[in-house]
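Everything below concerns the one structure shown next.
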Amino acid sequence: MPIRLKKLIGTILLVALVVIYALIASAVAVTRLAEYGPTAHLLFFLLSGFLWVLPAMAIIKWLIIEPRPKG
């Protein structure tokens, strides 16, 4: 796969990950945290704020892997 195509795909995946993750985290917060106090909100958003990094790291790792030489 050409490196430019790989970077384009990786960029699109990262942007999609952030948007979808933010929507899901916000929806969970609105539906599940309404009756809890500020401490639960802080812990939820702290955890969910760091949790998106794991799939992003996998995408970035895929991006930096050198292509195998042909032949």
Side-chain angles (χ1 to χ4, degrees):
M1 176 182 302
I3 192 71
R4 292 180 72 147
L5 177 61
K6 193 173 184 179
K7 285 185 179 184
L8 175 66
I9 293 170
T11 302
I12 292 170
L13 285 174
L14 282 171
V15 171
L17 168 72
V18 170
V19 170
I20 292 168
Y21 188 83
L23 290 173
I24 291 172
S26 297
V28 169
V30 167
T31 58
R32 302 287 181 187
L33 293 179
E35 63 272 358
Y36 295 105
T39 305
H41 286 206
L42 175 69
L43 292 175
F44 173 78
F45 284 111
L46 187 66
L47 178 66
S48 65
F50 285 120
L51 200 58
W52 73 272
V53 174
L54 297 175
M57 283 184 351
I59 294 171
I60 292 171
K61 184 177 180 180
W62 174 74
L63 280 173
I64 63 172
I65 292 175
E66 295 291 325
R68 287 181 267 162
K70 295 179 181 177

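- Residues Val28 and Leu46 fall into different hydrophobic clusters, defined by Ile, Leu, Val, Met, Phe, Trp and Tyr side chains chained together at heavy-atom separations under 4.5 Å.
- Considering only heavy atoms from C-beta on, Ile60 comes within 4.5 Å of Leu14 through its side chain.
- Closest non-hydrogen pair, Trp52 versus Pro55, comes out as O-CD, 3.2 Å.
- Here the shortest heavy-atom pairing between Phe44 and Ala29 reads CE2-CB, 3.6 Å.
- Pairing each heavy atom of Tyr36 with each of His41, the nearest pair is O-NE2, 3.7 Å.
- Cluster membership check: Trp62 does not share its hydrophobic cluster with Ile20, using side-chain heavy-atom separations under 4.5 Å among Ile, Leu, Val, Met, Phe, Trp and Tyr.
- The two residues Leu51 and Tyr21 have their closest heavy-atom pair at CB-OH, 3.1 Å.
- Residue Leu23 is not grouped with residue Val30 when hydrophobic side chains (ILVMFWY) are merged at heavy-atom distances under 4.5 angstrom, including chains of intermediate members.
- Taking CG from Leu54 and CD1 from Ile59, the interatomic distance works out to 11.5 Å, rounded to the nearest 0.5 Å.
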Could you walk me through whether Leu63 and Ile9 pass the side-chain contact (heavy atoms from CB on, under 4.5 Å) test, one step at a time?
-> CA-CA 9 Å; Leu63 280 173; Ile9 293 170; over 6 Å; no

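- Distance check, rounded to the nearest 0.5 Å: CG of Leu13 to CG of Leu8 gives 9.5 Å.
- At least one donor-acceptor pair closer than 3.5 Å links the side chain of Lys6 to the backbone N or O of Ile65.
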